[in-house]
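In this chain, numbering begins with 1 at the start of the sequence shown.
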Amino acid sequence: MMRSESQVLPGGFGYPLGFASGFVVVTACIAVDETARPSAAVVLLAILVAIVSALTTVPAATATAAVCWALFATFSIGVRGDLTVDRSTVVGLGILLLAAVVGLIAGAVSRARRRHSAAQSTPFVPAPRQPSVWERLSH
């Protein structure tokens, strides 16, 4: 069965993809000791959220942004895995939600452009020419 180019990745696949990718990003940031500079973690998570949001549905994009924020607030900002809510985590939440919105808009525009180009690529076959009234009366 051929999959249409205008379809999105279902939420049942998009959210787990975002969750697993967010976990990998935060783990990699902790491994290279980026806990001293959590801005790198939020930037990488924002890029991840935008990419996943461009590929999936609105609920999956929102859930991905929320879980990435929880990972950021717990392991990049938090101490010993405690969920920390302060000014930097609220700013991080805003950045991740904005990335989700940008990703959703970019994905929608991309799918619309693909549909439009697919519609234009179908060949136009004109109908046979109908004789004019004058031609019908003269015969």
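S21 places a side-chain heavy atom less than 4.5 Å from the side chain of L17. Two residues are said to be in side-chain contact when any heavy atoms from C-beta on lie closer than 4.5 Å; T56 and P10 fail this criterion. Side-chain contact check for T74 versus D82: every heavy-atom pair is 4.5 Å or farther apart. Side-chain atoms of Y15 and T64, non-hydrogen and from C-beta on, do get closer than 4.5 Å to each other. Counting only heavy atoms from C-beta outward, the side chains of L97 and L93 approach each other to under 4.5 Å. No side-chain heavy atom of V67 sits under 4.5 Å from any side-chain heavy atom of F23.
In terms of heavy-atom proximity, S53 sits nearest to A61 at OG-CB, 3.2 Å. The heavy-atom pair separating A65 from A100 by the smallest distance is CB-CB, 4.2 Å. A pairwise comparison of heavy atoms in A46 and A99 identifies O-CB, 3.4 Å as the closest pair. Between F75 and I30, the shortest heavy-atom distance links the atoms CB-CD1, 3.6 Å.
Under a hydrophobic-cluster definition in which Ile, Leu, Val, Met, Phe, Trp and Tyr are linked whenever side-chain heavy atoms come within less than 4.5 Å, directly or via other members, F13 and V58 are assigned to different clusters. I77 and L83 fall within a single hydrophobic cluster, where Ile, Leu, Val, Met, Phe, Trp and Tyr side chains are chained together by heavy-atom contacts under 4.5 Å. When hydrophobic clusters are built by joining Ile, Leu, Val, Met, Phe, Trp and Tyr residues whose side-chain heavy atoms come closer than 4.5 Å, directly or via intermediates, V24 is not grouped with F19.
Of the possible polar contacts, none joining the W69 side chain to the L96 backbone as a donor-acceptor pair under 3.5 Å is found. Proximity of a side-chain donor or acceptor of R111 to a complementary backbone N or O of G107 within less than 3.5 Å is detected.
Considering CD1 of I95 and CG of L45, their distance stands at 10.5 Å, rounded to 0.5 Å. One finds the OG atom of S88 at 5.5 Å from the CZ atom of F72 (value rounded to the nearest 0.5 Å).
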Does the side-chain contact (heavy atoms from CB on, under 4.5 Å) test come out yes or no for L48 and C68, once each step is laid out?
CA-CA 9 Å; L48 168 76; C68 284; 3.9 Å; yes
Carefully, step by step, assess V43 and I47 under the rule side-chain contact (heavy atoms from CB on, under 4.5 Å).
CA-CA 6 Å; V43 167; I47 292 169; 4.2 Å; yes
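Inspection of the D86 and T84 side chains reveals no N or O donor paired with an N or O acceptor under 3.5 Å.
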